Amino acid sequence: MPTLIDTAPPAAVPALPSLVGATREELRARMVEMGVAPAKARMRAEQLWRWIYHYGVADFAQMTNVAKELRAELAQHFTLARPQIVEKQVSIDGTRKYLIRLAPGVEAEAVFIPDVGRAGALCVSSQVGCTLNCTFCHTGTQALVRNLTSAEIAAQVMIVRDDLGEWPTSNEDRLLTNIVFMGMGEPLYNLDAVDAAIGVIADGDGLSISRRRTTVSTAGVAPKIPELGERTGAMLAISLHATNDDLRNKLVPLNRKYPLAELFDAIRQYPSLGNAKRVTFEYVMLKGVNDSLAEARALVKLLAGVPAKINLIPFNPWPGTAYECSDWATIEAFAEVLNRAGYASPIRTPRGRDILAACGQLRSESVKVRASARARAATAE
Ligand code: SAH
């Protein structure tokens with residue numbers, strides 16, 4: 001049975017802004033706003049950076065190399081509060097799912113998956129809801145609420161490091177070693193924030209999870225793909241799921257905008273692809289829809305010339321879906337065709353299915369509320 005560990009009370013609206021998740025530039029700007037002389041702001045920001053992202057302190061009083069008066073002043077202007085964990089669930093397989101409240105009515109999920117990557121991977125969300133409507137994806141049934149800010153993305157890592165008790169950052173026995181942008185939302189529709197968040201997460205003086213251990217997954221926003229590589233140096237994953245435009249148009253409606261030929265042109269332009277840096281193709285196994293051996297062979301053809309590995313994802317069901325997962329024997333036969341063609345094609349073990357934490361099962365109850373309606377609700381209270 002999954003265990004429900006923590007249900008926190010509704011969030012109080014924090015009176016002061018939090019510095020958690022801020023980029024170096026933002027920290028510096030905050031110091032200047034607070035009255036630190038511009039010439040000193042850089043040094044102060046560096047000190048804060050180390051305390052926030054290397055030591056993970058949640059209280060300015062712990063910053064022992066910062067003058068007492070300055071600590072007091074910082075505490076008057078800012079906090080080091082994390083977004084609140086509204087609910088945490090732990091699967092029988094150790095997967096942890098966090099429902100995180102970013103603002104009143106704005107909630108996203110993040111999932112920590114042990115024994116993936118070097119030690120464990122955190123699946124982060126880049127948007128609340130999604131605009132893409134992929135027909136097999138639970139998140140696709142939730143309308144976009146909004147993009148997350150870079151601070152809100154980086155804060156997901158902070159929260160999980162808190163929960164795993166992994167401060168200060170040590171390079172040796174960390175459990176959280178990899179980041180995958182495979183949570184809610186389409187990261188390439190929020191590239192500025194994703195880029196800035198990766199900057200915070202990868203920084204060697206702080207959270208220190210390298211760009212090579214960070215993977216960004218996209219449903220195929222072709223024009224942004226080379227840019228993603230140039231800006232972030234992250235690994236690329238493509239949610240492919242079909243080998244021809246007809247079927248892909250149905251499963252991933254974004255394909256109508258960026259069909260396969262255009263998508264593959266963009267993938268080939270991803271910087272520094274080679275044996276050491278391969279593109280991951282995700283392929284969800286849908287019974288009787290995309291799982292024939294002919295399709296496995298078509299997939300081999302389609303990937304010709306692209307340094308690739310293929311992740312076969314058994315379809316994870318969710319309430320109300322009409323799709324079913326392919327039979328295990330079918331998935332294995334499909335994988336065999338790919339293996340024989342020389343592709344590493346691991347079948348992704350479903351993780352956290354019992355708590356709806358597996359691929360494509362994430363969804364929060366948040367809905368987009370117009371500012372006018374929010375104002376009315378506030379007045380009514
Ligand atoms: N929008 C981005 C990031 C989400 S990643 C993208 O599409 O790549 C989430 C991954 O889980 C994607 O590969 C998605 O296609 C896959 N997925 C979605 N629903 C799923 C389901 N029900 N079962 C298995 N995988 C699913």
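Keep in mind it's a predicted model, so treat the numbers as computed, not measured.
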Can you find a heavy atom in the side chain of [X] that is under 4.5 Å from one in the side chain of [Y]?
X    : Y    : value
E46  : M43  : no
S150 : V200 : no
L70  : M34  : yes
L338 : L312 : yes
I179 : V124 : yes
E33  : H77  : no
L80  : L19  : yes
M158 : P83  : no

Quick one: pull up [atom1] in [X] and [atom2] in [Y] and give me the separation to the nearest 0.5 Å.
X    : Y    : atom1 : atom2 : value
E295 : N290 : CD    : CG    : 6.0 Å
L102 : T149 : CG    : OG1   : 7.5 Å
L148 : Q127 : CG    : CD    : 7.5 Å
D203 : I209 : CG    : CD1   : 12.0 Å
E152 : N190 : CD    : CG    : 9.5 Å
L144 : N133 : CG    : CG    : 10.5 Å

D93/R353 salt bridge by N-O under 4.0 Å criterion: no
Salt-bridge contact E336-R340 (side-chain N to carboxylate O under 4.0 Å): yes
Heavy-atom closest contact ([X] atom, [Y] atom, distance):
X    : Y    : answer
E166 : L176 : OE1-N, 3.1 Å
M235 : Y270 : C-OH, 4.2 Å
L356 : P317 : CD2-O, 4.1 Å
G56  : R82  : O-NH2, 3.0 Å
I201 : L207 : O-CB, 3.4 Å
F112 : L175 : CZ-O, 3.6 Å

Could you tell me whether a side-chain N or O of [X] sits under 3.5 Å from a main-chain N or O of [Y], the two making a donor and an acceptor?
X    : Y    : answer
D245 : N255 : no
D205 : W49  : no
R211 : T232 : yes
R248 : L240 : yes
Y53  : G21  : yes
D327 : A329 : no
S125 : E109 : yes
D195 : L191 : no
R351 : P114 : yes
K97  : I355 : yes

Under 3.5 Å side-chain donor-acceptor pair for E186 and T218: yes
Hydrophobic cluster identity match, [X] and [Y], side-chain contacts under 4.5 Å:
X    : Y    : value
I310 : V180 : no
I85  : L164 : yes
L48  : V32  : no
I313 : M182 : no

Geometric class of the F281/F264 ring pair [parallel <30°, tilted 30-60°, perpendicular >60°]: parallel
Worked check of side chain to side chain contact (heavy atoms under 4.5 Å, CB included) between K250 and F136: CA-CA 10 Å; K250 290 188 194 121; F136 52 88; over 6 Å; no
R28 and R44: CA distance, side-chain angles, deciding distance, side chain to side chain contact (heavy atoms under 4.5 Å, CB included) verdict: CA-CA 8 Å; R28 214 175 299 149; R44 289 291 174 227; over 6 Å; no
Test log, rule side chain to side chain contact (heavy atoms under 4.5 Å, CB included), inputs R297 and V337: CA-CA 7 Å; R297 288 190 287 271; V337 172; 3.9 Å; yes
Heavy atoms from other residues, nucleotides or ligands near CZ of R42 exceed 12 (cutoff 6.0 Å): no
Near-ring test Y283/F334, centroid separation under 6.0 angstrom: yes
Verdict with reasoning, H241 to E282, per side chain to side chain contact (heavy atoms under 4.5 Å, CB included): CA-CA 7 Å; H241 310 317; E282 296 153 286; 4.3 Å; yes
